[in-house]
Asker: 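Would you mind keeping the following structure in view while I ask a few things?
Counting convention: from 1, in listed order, for ligands and their atoms alike. Along the sequence shown, residues carry numbers from 1. The shown structure was predicted, so the numbers you read here are calculated from the model rather than taken from an experiment.
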Amino acid sequence: MLTLSRNHDAVSQSEIRAMTIACAKAGGINLAQGVCDLDVPSVVTAGAAQAMQDGYNVYTRFDGLIELRRAIADKQKRFTGLAYDPEGEVTVSCGATGAFYCACLALLDPGDEVIMFEPYYGYHVSTLASVGAKTVPLRLSAPGWSFTPADLTRLATPRTKALVLNSPMNPLGKVFTRAELQMVADFARERDIFVFTDEIYEHFLYDGAEHFSLATWPGMRERTIVISGLSKIFSITGWRLGYTLCDARWAKAIGHFNDLVYVCAPAPLQMGAARGLNELPESYYHGVAAEHLGKRERMCRALTTAGLTPIVPQGAYYVLADLSRLPGADDRERAMFLLEQTGVACVPGRAFFSDASGAGLGRFCFSKRDPALDEACARLARLG
Ligand code: PLP
């Protein structure tokens, strides 16, 4: 009999893509997808163009060009103090998405349980589901959005194999504190589990928030799979460049799956990213954060004026806002109402929760060029 796989539903069209399609149909402004369409640093584009001229147009090694692996390891050392060997501990993949998928394929078995803070990034859940692992959500709640060691212990079972930590967090904008990371580290060591840390928003920090890499905690480097990428910080979401950093024992298998699924990341684009990492000064990263702080302020002001109270993020570039004053039976209807009335698309809150808790919420991405962002803000503010 011709049937789809049992798993196919786990990766059915996401709310984000669905709203993106609805927005395109309505000719609206898409604040649903985290596309980050800002200018790409010229050294990055020039580096890729030069690489094409220089013949970097064939498969690279399965774990990436040495130029990029070295540049990633150097940057990680600069920013966190942690050393990773570019020959065996750095795996370049197709986006942080590809990196996480390959890490899951390499380290998880069907039936394994993985604890994840909620609200979560839906792709993490779908990726786990696609390898047969089960997401065990740890709900964070207003106003503190924190947790206790007891919350972690309560969710642990003999099948717990890993925990996913996304900080700064999409969609909440939470940046985990040192004390919270200590709790995660204690728990992971005690239970002898892996931690996948999605650190793709590591440089998008506001109000003095600091990013700490969990792998720097004693005993954590060996069990932490650092996942990050260049999509956000260089505004190159379409280039598909991400990576894992981890102990060579795990990196070897992650690399084998990366070879199987992608063969390699795009060769000339790897060279562009390497030049960006090597040549852009630290001030570049602070500049991106400062630019996004201004965008966050405008976005939150407009949402407040519209009566859609925002949860002001400390990091990343999304705002969760309270849509409950809008007409509609649930978050989808409210998001559609907003799109019809203002032409501004957001993601219905359900995308980030395992139950109906997101029904009153919507997520707005503010990593947009100023003209589009200002127009979206003006339209939202008029709703008030
Ligand atoms: N991880 C998180 C938390 C994200 O929000 C996103 C994109 O929105 C990604 C990963 C995707 O990153 P990439 O483009 O490197 O696959």
Asker: Does Gly95 come within less than 4.0 angstrom of ligand 1, counting non-hydrogen atoms of the residue?
Answerer: yes

Asker: Would Arg159 and Asp112 pass as an ion pair if we require N to O under 4.0 Å?
Answerer: yes

Asker: Give the atoms of ligand 1, by number and element, whose distance to some non-hydrogen atom of Asn170 is under 4.0 Å.
Answerer: 4 (C), 5 (O)

Asker: Of the backbone atoms (N, CA, C, O) and the side-chain heavy atoms from C-beta on, which set of Asp198 has a member under 4.0 Å from an atom of ligand 1: side chain, backbone, both, or neither?
Answerer: side chain

Asker: Relative to ligand 1, is Ala96 under 4.0 angstrom through side chain, backbone, both or neither, heavy atoms considered?
Answerer: both

Asker: Judged by non-hydrogen atoms, does Arg240 sit under 4.0 Å from ligand 1?
Answerer: yes

Asker: Should side-chain heavy atoms under 4.5 Å link Ile, Leu, Val, Met, Phe, Trp and Tyr, which residues sit in the same cluster as Tyr123?
Answerer: Tyr121

Asker: Locate the shortest heavy-atom distance separating Gln33 from Lys368; write the atom from each residue and the value.
Answerer: O-NZ, 4.2 Å

Asker: Is the closest heavy atom of Tyr123 to ligand 1 under 4.0 Å?
Answerer: no

Asker: For residues 90-100, pull every pair meeting side-chain hydrogen bond (donor to acceptor under 3.5 Å, both in side chains), keeping only residues two or more places apart or in separate chains.
Answerer: Ser93-Asn258

Asker: Show the atoms of ligand 1 that are less than 4.0 angstrom away from any heavy atom in Lys232.
Answerer: 6 (C), 7 (C), 8 (O)

Asker: Taking only Lys NZ, Arg NE, NH1 and NH2, and the carboxylate oxygens of Asp or Glu, determine whether Asp151 and Arg154 approach each other closer than 4.0 Å.
Answerer: yes

Asker: Can a salt bridge be assigned to the pair Arg249 and Asp247 using a cut-off of 4.0 Å between side-chain N and carboxylate O?
Answerer: yes

Asker: Quick check on contacts: which atoms of ligand 1 are under 4.0 angstrom from a heavy atom of Ser231?
Answerer: 13 (P), 14 (O), 15 (O)

Asker: Using a plain distance cutoff, I'd like to know if Asn166 has any nitrogen or oxygen under 3.5 Å from a nitrogen or oxygen of ligand 1.
Answerer: no

Asker: What I want to find out is whether Glu375 reaches Arg379 closely enough, with some N-O distance under 4.0 Å, to be called a salt bridge.
Answerer: yes

Asker: Should you measure from each heavy atom of Ile200, which atoms of ligand 1 turn up under 4.0 Å away?
Answerer: 1 (N), 2 (C), 12 (O), 15 (O)

Asker: May I ask you to decide whether Glu15 forms a salt bridge with Arg332, counting only side-chain N to carboxylate O separations under 4.0 Å?
Answerer: yes

Asker: Do Thr237 and ligand 1 have an N or O pair less than 3.5 Å apart?
Answerer: no

Asker: Please work out, at 4.0 Å between heavy atoms, whether the side chain, the backbone, both, or neither of Tyr101 comes within that distance of ligand 1.
Answerer: neither

Asker: Should you measure from each heavy atom of Tyr318, which atoms of ligand 1 turn up under 4.0 Å away?
Answerer: 5 (O), 8 (O)

Asker: Verify the neighbour count for atom NZ of Lys134: are there more than 12 heavy atoms of other residues, nucleotides or ligands below 6.0 Å?
Answerer: no

Asker: Using a strict threshold of under 4.0 Å (side-chain N to carboxylate O), is an ion pair present between Arg189 and Asp192?
Answerer: no

Asker: Report yes or no: does a heavy atom of Met169 sit under 4.0 Å from some atom of ligand 1?
Answerer: no

Asker: Does Tyr201 approach ligand 1 within less than 4.0 angstrom via side chain, backbone, both or neither, non-hydrogen atoms only?
Answerer: side chain

